[in-house]
There are 2 protein chains.
Amino acid sequence: METPIKREATCEQELAAIRDSLEILGGKWKLRIMRYLNNHIDEKNTFKKIQREVEGISAKMLSKELRELEINLLVTRTVMETRPVTVNYAMTEYGLSVFPVTETLVDWGLNHREKIK
Amino acid sequence: METPIKREATCEQELAAIRDSLEILGGKWKLRIMRYLNNHIDEKNTFKKIQREVEGISAKMLSKELRELEINLLVTRTVMETRPVTVNYAMTEYGLSVFPVTETLVDWGLNHREKIK
DNA sequence: CGGTATCCATGTTGATACTG
DNA sequence: CAGTATCAACATGGATACCG
């Protein structure tokens, strides 16, 4: 179990933290990619396969988004020495930590839809 | 106390709910405006005053964002019959429900910054 | 005061073609 | 297969001027 950390943050730091979170959760594709990977944990998820299954994404965007997810330690990239080469992507343990956050967004969003209808 | 509601949602509905949440939390200004209003509950928060205090926002954007917040029932707009007319904005009770959600974004963001540094 | 209208700079995304 | 390069389209936001 993790040690609970007492945090103090200024208003500006909080806004920066929110920006950081939204940079990952707020874009058009990152969450879709991560949700796909998370629902296909036991499979080999190659670049092509992800592109087929994440509806509408271009190679350019998929490449860019996967690179950013990797830099943020949310996703691993593994080059398989097949012929031709394939590359495998998977969520990291740490990456799974985004899903509880998205749950709160889902809950608020569903409730909000009820509220304003 | 509210009745807990058991929700079932498809993947697409969940993504739509997240989009709804992010439309409000994810933009550049809405959260700053709401945080400002929430920290100045006992004051008259006129258009001009908000524009002065929310750093860098233009009248165009402030007008647009406030209108969207009002439509989403997060903020009230009250025209005061002073001369000249002033308009007063305030968080609604319901609007306060965004702050627990932002807290989870702050927590994840702060933790993430530690993680990747 | 509380906005709206207009025009413009910028960044983000898509389409297509191409490479190792 | 797994990308990159290039160009075009579009959305977002800012600056300025103006109105009731």
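Below, read A as the first sequence line, B as the second, and so on, with proteins coming before strands; counting in each chain starts at 1.
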Establish, with yes or no, whether the OP1 or OP2 oxygen of [N] is under 4.0 angstrom from a side-chain nitrogen or oxygen of [X].
X	N	value
Arg67(B)	dT4(C)	yes
Ser63(A)	dT4(D)	yes
Tyr89(A)	dG3(D)	yes

Starting at atom [atom1] of [X], determine the distance to atom [atom2] of [N], rounded to an integer number of angstrom.
X	N	atom1	atom2	answer
Lys64(B)	dA11(D)	NZ	P	13 Å
Glu70(A)	dA2(D)	CD	P	14 Å
Glu23(A)	dG11(C)	CD	P	15 Å
Leu62(A)	dT12(C)	CG	C1'	16 Å
Ile57(B)	dT12(D)	CD1	P	15 Å
Lys60(A)	dT12(C)	NZ	C1'	8 Å
Lys28(B)	dG11(C)	NZ	P	11 Å
Leu66(A)	dG3(D)	CG	C1'	11 Å

With a 4.0 Å heavy-atom cut-off, tell me which residues in residues 36-54 of chain B come close to DNA chain C, sorted by residue number.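 Thr46(B), Phe47(B), Lys48(B) - these, ordered by number, are the residues of the stretch whose heavy atoms sit under 4.0 Å from the strand.
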When you measure from the side chain of Trp29(A), which nucleotide among dG3(D), dG14(C), dG2(C) comes out closest?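 Looking only at heavy atoms from C-beta outward on Trp29(A), the closest nucleotide is dG14(C).
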Tell me which nucleotide among dG14(D), dG3(C), dT13(C) gets nearest to the side chain of Met61(B).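 Of the candidates, dG14(D) comes closest.
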Looking at Asn88(A) and Asn45(A), would you say the former's side chain and the latter's main chain have a donor-acceptor pair under 3.5 Å?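 Pair found, side chain donor or acceptor close to backbone of Asn45(A).
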Tell me what Arg83(A) touches on the nucleic acid: a base, only sugar-phosphate, or nothing, going by heavy atoms under 4.0 Å.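 Touches nothing.
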Could you tell me if the side chain of Leu66(A) sits less than 4.5 Å from the side chain of Val87(A), heavy atoms only?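 Of all side-chain heavy-atom pairs linking Leu66(A) with Val87(A), none is under 4.5 Å.
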Do Ile18(B) and Arg35(A) have side chains that get closer than 4.5 Å, going by heavy atoms?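 Contact flag for Ile18(B)/Arg35(A) side chains = yes.
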Minimum heavy-atom separation for Ala59(A) to Phe47(A), with atom names?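 Scanning both residues, the minimum pair turns out to be O-CZ, 3.6 Å.
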If two hydrophobic side chains count as joined below 4.5 Å and joins carry through other members, does Leu96(B) share a cluster with Ile71(B)?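 Different hydrophobic clusters.
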With a 4.5 Å cut-off on side-chain heavy-atom distances among I, L, V, M, F, W and Y, is there a chain of contacts connecting Leu15(A) to Leu25(A)?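 As far as the 4.5 Å side-chain criterion goes, Leu25(A) and Leu15(A) are not connected within one cluster.
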On DNA chain D, compare the nucleotides closest to Ser58(B) and Arg77(A); which residue's is nearer the 5' end?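 It is Arg77(A), whose closest nucleotide lies nearer the 5' terminus.
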Check the pair Ile33(A), Ile57(A) against side-chain contact (heavy atoms from CB on, under 4.5 Å), reporting the backbone distance first and the verdict last. CA-CA 10 Å; Ile33(A) 294 167; Ile57(A) 195 169; 4.1 Å; yes
